[in-house]
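One structure is given here, and the rest of the page talks about it.
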Amino acid sequence: MSPDLTTTLKIKYPLIIAPMFLVTNEAMMIAAAKAGITAAIPALNYRTPELMEDGLKIVERGASDIVYGVNLIVNRSNPYLDRQLEVVNSSNTSYVITSLGNPKRVIEQCHRQGQLVFCDAVNLEHAKKAQQEGADAIIAVNSGAGGHAGKIPASILVPMLKEQLSIPVISAGGVGDSLGVKSVMQMGAYGLSIGSIFIACEESAISTQYKDAVVKYGAGDIVMTSKISGTPCTVINTEYVQKIGTKQSALFTLLSKNRTLGKYAKMATFYLGGKSVALAATEATYKTVWCAGPAIEFVDGIYPIARIVDSLMGLNSLDQE
Ligand SMILES: Cc1cc2nc3c(=O)[nH]c(=O)nc-3n(C[C@H](O)[C@H](O)[C@H](O)COP(=O)(O)O)c2cc1C
């Protein structure tokens, strides 16, 4: 067998529970480790770097020799990056996943601490750049992904990056069953980063309404909106989403392009969009903006992470019972 993520991270199966804003929590990370995989949490899930420090300690106490990751947003919308990086560097975080920006500084600082850095990329240009900066692997975010999806399908993105890069390619997007895992690994992926099908897992602490929506809605109900972070993101096309529309306001678009004001416009969009998703994730509200990808098609119930992992590895079927 060729080496894969199991070799690098010393885990049983080559799967990462992808970082998910407001969804991934400590319980999910611990359950992932116990199920033989790993999970990564967005630093953004903690209101402050100090709370993140406390959260990571809970994770580290939760399972012996736990292998876990932290996701850092490395562009101008993240005012806490320096402090978050300090917390990561002084923790037992095994790997960092960078998204939305230039990962150079994060790579340099993490490598000094012996921590790996996997960089999100949606195309060859971004992937090559990250490789040049010293990334340990690329997370190839394809067109089927939840969150900030790419434009290229996995069947093209994975082989293309594999051929053009010398570092491993981890595939993210559109997988929800064992056939999906097998086929992406056969394309040459080093592992998979999987988000959407874990949103409604037993261990996640989101609202029942959000979990029920993930079970009830399917691939055809997912739309892209730029209202949340300014960057297009997949959400469930609820009545509320239909009502508010999916385009960022013309004023914000204009401001984001301005050299001086752009940073603040991006921070404001991120903050306001984040607030509405936070509300929907944790409370029953008419103003529901539920982030999810088309792979929710595969979700037909609320299960513990261990069962979802077994089904992804072809060890059981979630349909049984
Ligand atoms: C609810 C949700 C929240 C997400 N939040 C983040 C995030 O905070 N940071 C990030 O880098 N990616 C985020 N993503 C993208 C995932 O990390 C991953 O790339 C994606 O879920 C893979 O596609 P899949 O959902 O089809 O498995 C999010 C995805 C979802 C579904």
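Just follow the structure's listing: the first ligand is 1, and inside any ligand the first atom is 1. Index from 1, following the sequence.
At a heavy-atom cutoff of 4.0 Å, ligand 1 is contacted by the side chain of Asp120 but not by its backbone. Within the 4.0 Å heavy-atom criterion, the part of Ser99 lying near ligand 1 is the side chain and not the backbone. For Trp290, no heavy-atom contact with ligand 1 is shorter than 4.0 Å.
Between Arg105 and Asp82 there is a salt bridge, since a side-chain N of the basic residue sits under 4.0 Å from a carboxylate O of the acidic one. With salt bridges taken as basic N to acidic carboxylate O contacts below 4.0 Å, one links Glu50 and Arg83.
What sits closest to atom 5 (N) of ligand 1 on the protein, heavy atoms only, is Phe21 N, 2.8 Å. Residue, atom and distance of the protein heavy atom nearest to atom 10 (C) of ligand 1 are Asn71 OD1, 3.4 Å. Atom 22 (C) of ligand 1 has Gly173 N, 3.7 Å as its closest protein atom, hydrogens excluded (heavy atom only). Shortest contact from atom 30 (C) of ligand 1 to any protein heavy atom: Met20 CG, 3.6 Å. Among all non-hydrogen protein atoms, the one lying nearest atom 26 (O) of ligand 1 is Gly174 N, 2.7 Å. Closest protein heavy atom to atom 12 (N) of ligand 1: Pro19 O, 3.5 Å.
Contact annotation: Tyr210 has at least one heavy atom less than 4.0 Å from an atom of ligand 1. At least one heavy atom of Ile194 lies less than 4.0 angstrom from ligand 1.
Every N/O-N/O distance between Cys291 and ligand 1 stays at or above 3.5 Å. For Gly195, a nitrogen or oxygen atom sits less than 3.5 Å from a nitrogen or oxygen atom of ligand 1, counting backbone and side chain alike. For the pair Ser196 and ligand 1, the shortest N or O to N or O distance falls below 3.5 Å.
Using modelled atom types, one finds no donor on one side chain facing an acceptor on the other under 3.5 Å when comparing Asn237 with Tyr240. One side chain, Asp136 or His111, offers a donor N or O that lies under 3.5 Å from an acceptor on the other. Under the 3.5 Å distance criterion, with hydrogens and angles disregarded, a donor-acceptor pair is assigned to the side chains of Gln131 and Ser166.
Residues satisfying the salt bridge (charged side-chain N to carboxylate O under 4.0 Å, His left out) criterion with Glu108, sequence neighbours excluded, are Lys104.
Evaluation of the ring-ring contact (aromatic ring centres under 6.0 Å, His included) test over residues 54-100, restricted to residues two or more places apart or in two chains, returns Tyr95-Phe118.
Closest heavy-atom approach to atom 15 (C) of ligand 1 among the candidates Gly146, Ala140, Ala18: Gly146.
With Asn89 as the fixed residue, the side-chain hydrogen bond (donor to acceptor under 3.5 Å, both in side chains) test singles out one of Gln115, Gln84, Arg112: Gln115.
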